[in-house]
Amino acid sequence: MKRIILLVFMMLPMMAMAQIPQFTKLIDKYNGAEGVTAMNLNKYMIAMFVGDNKDFDFADEINILLSDNSEVAKAIVKDAKKAVKRAKVKLLIEAVEDGSTYSVYTKTKNNVITNIVLIIENDTPSGFALITGEIPEEKLSEVIKIVTES
């Protein structure tokens, strides 16, 4: 029993920066479905994509799940909204523009933003992105701007 407790305490730092499990389950559920794009970018891949741009230097991982298939896209968004409720993340902003809805949620731990969830609701593609890391508040507006303009 002592070993199990010790193991749990040793894993706490890793769990603190972990992804939100509800979204990991969604990625597993829809990954490989027709018309679905699932991407997982670790810190090294993020650095390759952004180069000298320091807007994402805080990100440990970015997960993206999008679909061009309207039926699947609707299901992904519906499931993502359920996951948001279960994960107890806070709505930061919701923007509606030209028939598209962008909802940005954050999860904090010890007054530090550890996750940003962006749910994108279009005709297609629709889905979500999950950014994991220690996200400085001053970077939040920059991240939202970059993500919603993409």
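For this chain, numbers begin at 1 and follow the sequence in order.
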Of all the heavy-atom pairs spanning [X] and [Y], show the shortest one and how long it is.
| X | Y | answer |
| --- | --- | --- |
| Val77 | Gly127 | CG2-N, 3.9 Å |
| Ala59 | Lys43 | O-NZ, 3.3 Å |
| Ala38 | Asn31 | CB-OD1, 3.6 Å |
| Leu65 | Ile27 | CD2-CA, 4.1 Å |

> Mind checking what makes side-chain hydrogen bond (donor to acceptor under 3.5 Å, both in side chains) contact with Thr101, not counting sequence neighbours?
Replying inline: none
> Excluding sequence neighbours, so at least two apart, what forms side-chain hydrogen bond (donor to acceptor under 3.5 Å, both in side chains) with Ser103?
Replying inline: Glu94
For [X], what residues pass the side chain to side chain contact (heavy atoms under 4.5 Å, CB included) criterion, not counting sequence neighbours?
| X | answer |
| --- | --- |
| Ala80 | Phe23, Leu26, Ile119, Phe128 |
| Asp28 | Thr24 |
| Asn69 | Ser67, Glu71, Val72 |
| Lys29 | Asp79 |

>> Membership question, hydrophobic clusters at under 4.5 Å side-chain separation (ILVMFWY): are Met39 and Ile120 in the same one?
In response: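 Yes, one cluster joins them.
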>> Please determine whether residues Leu92 and Val112 belong to a single hydrophobic cluster, defined as Ile, Leu, Val, Met, Phe, Trp and Tyr linked transitively by side-chain heavy-atom distances below 4.5 Å.
In response: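 Looking at the clustering, Val112 is in a separate group from Leu92.
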>> Just by distance, no angles: are the side chains of Asn122 and Ser100 close enough, under 3.5 Å, to form a donor-acceptor pair?
In response: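 Yes, Ser100 and Asn122 have a side-chain donor paired with an acceptor closer than 3.5 Å.
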Separation between [atom1] of [X] and [atom2] of [Y], rounded to the nearest 0.5 Å:
| X | Y | atom1 | atom2 | result |
| --- | --- | --- | --- | --- |
| Lys107 | Ile116 | NZ | CD1 | 14.0 Å |
| Asp60 | Ile131 | CG | CD1 | 11.5 Å |
| Asn63 | Asn42 | CG | CG | 10.0 Å |
| Ile93 | Leu118 | CD1 | CG | 11.0 Å |

> What pairs meet the side chain to side chain donor-acceptor pair (under 3.5 Å) rule with one or both residues in residues 81-90, with sequence neighbours excluded?
Replying inline: Lys81-Glu121
> What's the verdict on side chain to side chain contact (heavy atoms under 4.5 Å, CB included) for Leu130 and Ile20, showing C-alpha distance, side-chain angles and the deciding distance?
Replying inline: CA-CA 8 Å; Leu130 172 64; Ile20 301 172; 4.0 Å; yes
> Can you list every ring pair (Phe, Tyr, Trp, His ring centres under 6.0 Å) pair that touches residues 73-97, not counting sequence neighbours?
Replying inline: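 Qualifying pairs, neighbours excluded: none.
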